[in-house]
Amino acid sequence: VYLRKVETRGFKSLGAKLLSTPVEKGFVAITGPNGSGKSNLVDAILFALGENSAKTLRVPNLSALIYDGSVEEQKPSSAKVSLQFDNSDRRIPIDSDSVTLSRELKQNGESIYSLNGKHTQRNTLSDLLENALIASRGLNVVLQGMITRIADLVPDEKRKLIEQMV
Amino acid sequence: VYLRKVETRGFKSLGAKLLSTPVEKGFVAITGPNGSGKSNLVDAILFALGENSAKTLRVPNLSALIYDGSVEEQKPSSAKVSLQFDNSDRRIPIDSDSVTLSRELKQNGESIYSLNGKHTQRNTLSDLLENALIASRGLNVVLQGMITRIADLVPDEKRKLIEQMV
Amino acid sequence: KHRVFMDAFERIDRELRVIFNKITEGSGWLEIENQDAIFDSGIFLMTQFPGKLPRDSSSVSGGEKTICALSFILAIQAVFPSPFYVFDEVDAHLDSKYSGKLADILAERSDRSQIIIVSLKDNVIAKASNVIGVYMSQGSSRILRYRSAMEIEIPNEQPQQ
Amino acid sequence: KHRVFMDAFERIDRELRVIFNKITEGSGWLEIENQDAIFDSGIFLMTQFPGKLPRDSSSVSGGEKTICALSFILAIQAVFPSPFYVFDEVDAHLDSKYSGKLADILAERSDRSQIIIVSLKDNVIAKASNVIGVYMSQGSSRILRYRSAMEIEIPNEQPQQ
Ligand SMILES: Nc1ncnc2c1ncn2[C@@H]1O[C@H](COP(=O)(O)OP(=O)(O)OP(=O)(O)O)[C@@H](O)[C@H]1O
Ligand SMILES: Nc1ncnc2c1ncn2[C@@H]1O[C@H](COP(=O)(O)OP(=O)(O)OP(=O)(O)O)[C@@H](O)[C@H]1O
Ligand SMILES: [Mg+2]
Ligand SMILES: [Mg+2]
């Protein structure tokens, strides 16, 4: 399994229009000036995987995820992110070479999840991701600034980190 | 007033022998590999200005400031730092072109302060520094990692920071 | 519970030793504070950087602390693998030697799992097989794709508005 | 007390606007949460980066937050001056454009007060009038001095022990 594409529409600075970011297998680097939208791309991935904490997504509340960067254009009514995975190794227990997860957040804070185009419950998705070891249970996504917090963990917290993984 | 030289002996990684670091007026950059001793040089300046918090100096307790980096050599019995200032503008209220502050910490945790070679009390020194606006009352020395903490200050803390300065 | 924990601990410790040595040419290892009361005590990460005496990771330099944290995370990830990883500017406090070594380790791991790193450092980006450039234009983010790191010419600011 | 505070606040706000604009070409300013109860409320740092809408400094990017913090500190330092300043790797999260601008501002200020910066970035070190190189040898730190940034050739690791 690997991530092949991130598609966003109306998500943070990534714009009101559909933005498609193809991703390759192997070692991928994202670069660009300060404030260009690199960490927002990471937030988009977490959001589609089911992240519900506004603090982790660095916004005051979830509806602030909707793009509000332009004066002229009407603010979009929702923020949507789709992740397309290559599933030829069938690590996601679904019989198809390509799996697309998507999540759309409406202005009222309600989220609609879908899997390969069909509506599904949030729990179904998180079970599926857990099976494929994709869920961001903490250490497969290291957010900006987190590395200094991990460096300053006291001995008890280091033990708890390992306990959490088992 | 400006700093002309930092002399250390037995202070953190700066070695058991006398190490003299001349500093120029104007814009000075300190660079070097990770773990080479750059922040320890900053700690040496704070230490000589009277900093007494082991946490700020990044050690478990003050006697851990004494150099312990070598197996062969005997651990020195004290850590000493001297700061030589150019005082031709007389901002430090002492009638001499050059002012040297020094502080020596013994293994028992006791500190001996001196000013131009003569023993003096810690309070006398801090009053003198306060007059010359040198004391590190918080914002003339920005330690490593502090900038992200300042960036994350909440509104109340920003107000308190200004209140503290007045 | 005790056995499961100890099994994970030992595997993480073994991985950490390999990774720490690869990055620093020194040694790093984990120690349990109190073997008799594991769940009431902590875990120490001990280090011995080249040419230095052994020291607890809490009193090393800023960059050295980042190396300790990265070694710990990469060791845990090796023991509990995931198909893809994301690292957002974890190299900010590393000098060119250590950030280069980190990029080498991540490039090596990327055979097994997809690794996505956000970085501002040229020597790190140069080691990626695929680079995504992000820039701002007229109030929203745009994406540029490069086959290899050599083609990078990211427009700092497109003509605004 | 109220008047003394407001006087300091206004001077800091004025300085912040100048500094923030010099670094970003956008605008930054301070706002008091509640004019009627100043000592029970907070202060907001507001930003408008080029090409973007106004936004509170708490929801900008990592590098943009560093710019806000630096503008705030430099503004306070301008209002309460000191003969010398030390900055330890404050440029870690800045890209080359912003770190270059920061170095320009510090170089300018160094006419009035001595400024000592610890940095790993070549474009920042290049702007200093005097460079001190630090390296480890046989378990202790050594110092090299350079007249100008161009002469830098710091031995990464002298032959150990
Ligand atoms: N009492 C001591 N005696 C000898 N060495 C010490 C002592 N205390 C700390 N050290 C060592 O000093 C070294 C340098 O630390 P310092 O924080 O100054 O590095 P730095 O140059 O700022 O590195 P970085 O770029 O990673 O921030 C560390 O490796 C640390 O283990
Ligand atoms: N809902 C939103 N609509 C539009 N823009 C937004 C929204 N939320 C945040 N932003 C903006 O997105 C911009 C980019 O943020 P991001 O954190 O992704 O930058 P970055 O590329 O990671 O930068 P850095 O290198 O400084 O970490 C910020 O300037 C922020 O103000
Ligand atoms: Mg970022
Ligand atoms: Mg340092």
Side-chain angles (χ1 to χ4, degrees), chain B residues 8 10-17 19 21 29-47 51 53-76 79 105 109 141-152, chain C residues 19-28 31 33 42-72 74 87-105 118-124:
Chain B
T8 62
F11 185 85
K12 293 186 97 177
S13 67
L14 303 170
K17 301 195 198 73
L19 180 75
T21 309
I30 300 176
T31 194
N34 287 138
S36 54
K38 303 180 297 291
S39 296
N40 287 344
L41 211 52
V42 173
D43 292 341
I45 294 171
L46 281 184
F47 169 79
E51 179 60 60
S53 145
K55 187 162 183 298
T56 304
L57 296 171
R58 304 177 301 139
V59 282
N61 51 53
L62 286 189
S63 54
L65 289 170
I66 300 174
Y67 174 71
D68 66 5
S70 160
V71 238
E72 290 106 40
E73 283 163 67
Q74 173 81 0
K75 184 170 163 170
L105 180 94
V141 177
V142 180
L143 298 174
Q144 190 168 357
M146 214 163 110
I147 201 74
T148 25
R149 282 199 294 284
I150 290 171
D152 290 329
Chain C
I19 294 162
F20 192 93
N21 178 255
K22 262 196 187 142
I23 298 179
T24 68
E25 294 162 30
S27 15
E31 281 179 11
E33 189 176 8
I43 288 177
F44 293 107
L45 199 162
M46 302 302 294
T47 70
Q48 187 166 7
F49 284 86
K52 295 182 180 173
L53 295 181
R55 206 176 282 280
D56 184 279
S57 64
S58 61
S59 54
V60 297
S61 83
E64 291 172 334
K65 270 190 179 175
T66 295
I67 295 292
C68 293
L70 283 166
S71 302
F72 190 46
L74 290 171
F87 297 94
D88 194 344
E89 296 196 31
V90 294
D91 56 359
H93 282 282
L94 299 184
D95 61 22
S96 53
K97 183 177 155 209
Y98 279 156
S99 53
K101 293 255 179 166
L102 171 68
D104 291 337
I105 293 230
V118 177
S119 175
L120 303 177
K121 292 181 194 264
D122 295 343
N123 67 324
V124 170

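Just so it is clear: chains get the letters A, B, ... in the order the sequence lines come, proteins before strands, and each one is counted from 1.
- Heavy-atom distances place both the backbone and the side chain of C:L94 under 4.5 Å from chain B.
- For the pair C:K65/B:N34, no side-chain contact is recorded, criterion being any heavy-atom separation below 4.5 Å from C-beta on.
- Highest contact tally toward chain C, considering only B:P60, B:G37, B:G35, is held by B:G35 [criterion: heavy-atom pairs under 4.5 Å].
- Under a cut-off of 6.0 angstrom, the local environment of NZ in B:K17 is sparse, with at most 12 non-hydrogen atoms contributed by other residues, nucleotides or ligands.
- Here the CG-OG distance, from C:L53 to B:S70, works out to 7.0 Å after rounding to the nearest 0.5 Å.
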message: Between B:D68 and C:R55, is the salt bridge (Lys or Arg N to Asp or Glu O under 4.0 Å) condition met? List the steps.
response: CA-CA 10 Å; B:D68 66 5; C:R55 206 176 282 280; 2.8 Å; yes

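- When each of B:Q144, B:R58, B:K38 is checked for heavy-atom pairs under 4.5 Å with chain C, B:Q144 comes out on top.
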